[in-house]
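So the structure is just underneath, and the comments pick up after that.
Just so it is clear: chains get the letters A, B, ... in the order the sequence lines come, proteins before strands, and each one is counted from 1.
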Protein chains: 2
Amino acid sequence: MLATFTALAEPNRLRIVELLRQGPRPVNEIKDALRLQQPQVSKHLRVLKEAGLVDVQPRAQQRLYELRAEPLQALHQWLEGYRQLWDDRFNEMDELLAELNEKEKNNVRKKRH
Amino acid sequence: MLATFTALAEPNRLRIVELLRQGPRPVNEIKDALRLQQPQVSKHLRVLKEAGLVDVQPRAQQRLYELRAEPLQALHQWLEGYRQLWDDRFNEMDELLAELNEKEKNNVRKKRH
DNA sequence: TCTGTATATGCATTGACAGGAATATTCGAC
DNA sequence: GTCGAATATTCCTGTCAATGCATATACAGA
């Protein structure tokens with residue numbers, strides 16, 4: 001998870017990932033599409049690869065880089081654990097709990113006096 | 001998006017977010033739970049706040065920090081755009097496209113000869 | 001108003017990392 | 001095996017950000 005965030009926390013790497021969403025690309029195409037220098041592209045791709053975000057397949061002297069599903073899927077799943085923050089179903093549950101808490105407070109007050 | 005990744009690309013900040021998943025917490029509680037020094041907690045919370053990931057509500061001299069839904073939901077949604085990478089429904093579509101491509105290639109060959 | 005508690009900020013140090021330029025490697029074509 | 005195209009690596013430099021420590025601010029209570 002951390003590794004994924006770290007890899008994506010760099011503007012050009014994020015752009016590369018967004019580009020690769022449309023399919024595998026050789027280094028040169030990435031370089032042209034994003035107006036980067038070739039060495040920087042290679043370096044960013046290295047980082048992305050080490051983070052497991054991309055895979056390479058050699059095609060003659062070219063290297064086709066493609067997105068890997070796993071880390072992104074894992075991230076997606078991780079966020080599911082936070083769904084309660086915005087999901088209505090859970091907001092209803094919140095209200096339910098709030099109600100229960102209200103009653104509880106009242107009970108406590110009654111006991112105190 | 002980038003801002004969210006940047007904010008979460010730091011181990012202790014990620015831990016803070018994961019802790020806050022269980023509900024709002026004052027600074028001191030975070031500090032104790034994660035064994036950090038109070039100033040660093042405040043600083044990390046500042047970054048998280050500037051990234052829109054948390055909100056604060058003063059409670060006397062305490063500050064309750066709580067997660068905000070929006071950036072995480074946005075991230076979740078962003079990942080939906082990559083779902084095709086792992087979603088079976090889309091894999092089937094891939095196969096379909098691959099089939100079409102095969103046929104196309106054959107057509108091209110026929111035209112050439 | 002003084003005190004203690006909770007939190008924030010300032011400053012100095014340090015390490016990580018991105019960019020640029022030059023160079024190295026790989027591999028197919030001839 | 002030489003050449004050129006595609007890609008990777010190295011070295012250098014500057015910048016940014018995390019940490020530790022010290023200190024400042026905010027606020028409640030006596």
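Atom CZ of B:R46 is separated from atom P of D:dA17 by 12 Å (rounded to the nearest Å). Residue A:E29 contributes atom CD, which lies 15 Å from atom C1' of D:dA5 at whole-angstrom precision. Nucleotide D:dT9 holds its C1' atom 13 Å from the CZ atom of A:R63, rounded to whole Å. The distance between atom CD of A:E10 and atom P of D:dC16, rounded to the nearest whole Å, is 13 Å. One interatomic measurement links the two molecules: CG of A:L64 to C1' of D:dA6, which rounds to 12 Å at whole-angstrom precision. If you measure from atom CG of B:N12 to atom P of D:dA17, you get 16 Å, rounded to the nearest angstrom.
Between A:Q38 and A:H44, the residue anchored closer to the 5' end of DNA chain C is A:H44, taking for each the nucleotide with the nearest heavy atom.
Note that the first and last nucleotides of DNA chain C, 5' to 3', having any atom under 4.0 angstrom from a heavy atom of chain B are C:dA6 to C:dC11.
Results of the side chain to side chain contact (heavy atoms under 4.5 Å, CB included) test with A:I30 over A:L36, A:N12, A:L45 single out A:L45 as the only residue that passes.
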Take A:R21 and B:Q84 through the side-chain contact (heavy atoms from CB on, under 4.5 Å) test and state the conclusion after the steps.
-> CA-CA 9 Å; A:R21 187 157 89 83; B:Q84 47 178 117; 4.2 Å; yes
Go through B:W78 and B:Q73 one step at a time and tell me if the side-chain hydrogen bond (donor to acceptor under 3.5 Å, both in side chains) criterion holds.
-> CA-CA 9 Å; B:W78 181 78; B:Q73 184 178 10; over 6 Å; no
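The environment of CD in A:E66 is crowded: more than 12 heavy-atom neighbours from other residues, nucleotides or ligands sit within 6.0 Å.
In this structure, the ring of B:W86 has its center no less than 6.0 angstrom from the ring center of B:Y82.
Comparing the axis of the opening five pairs of the helix from C:dT1-D:dA30 to C:dC30-D:dG1 with that of the closing five pairs yields an angle of 20°, rounded to 10°.
Within the 4.0 angstrom heavy-atom criterion, no nucleotide atom of any strand lies near A:R59. No engagement by A:P58 is indicated, since no non-hydrogen atom pair under 4.0 Å with the nucleic acid exists. Residue B:Q62 is in sugar-phosphate contact alone, with no base atom involved, counting any heavy-atom pair closer than 4.0 Å across all strands shown.
B:F5 and B:L14 fall within a single hydrophobic cluster, where Ile, Leu, Val, Met, Phe, Trp and Tyr side chains are chained together by heavy-atom contacts under 4.5 Å.
Distance alone, capped at 3.5 Å, is enough to place a donor-acceptor pair between the A:E10 side chain and the A:R13 backbone.
Classification of B:R83 and B:E80 as a salt-bridged pair holds, one side-chain N sitting under 4.0 Å from a carboxylate O.
Considering all non-hydrogen atoms of both residues, B:A9 and A:A9 come closest at CB-CB, 3.7 Å.
Checked by distance alone, A:Q61 brings no side-chain donor or acceptor within 3.5 Å of a matching partner on the base of D:dG4.
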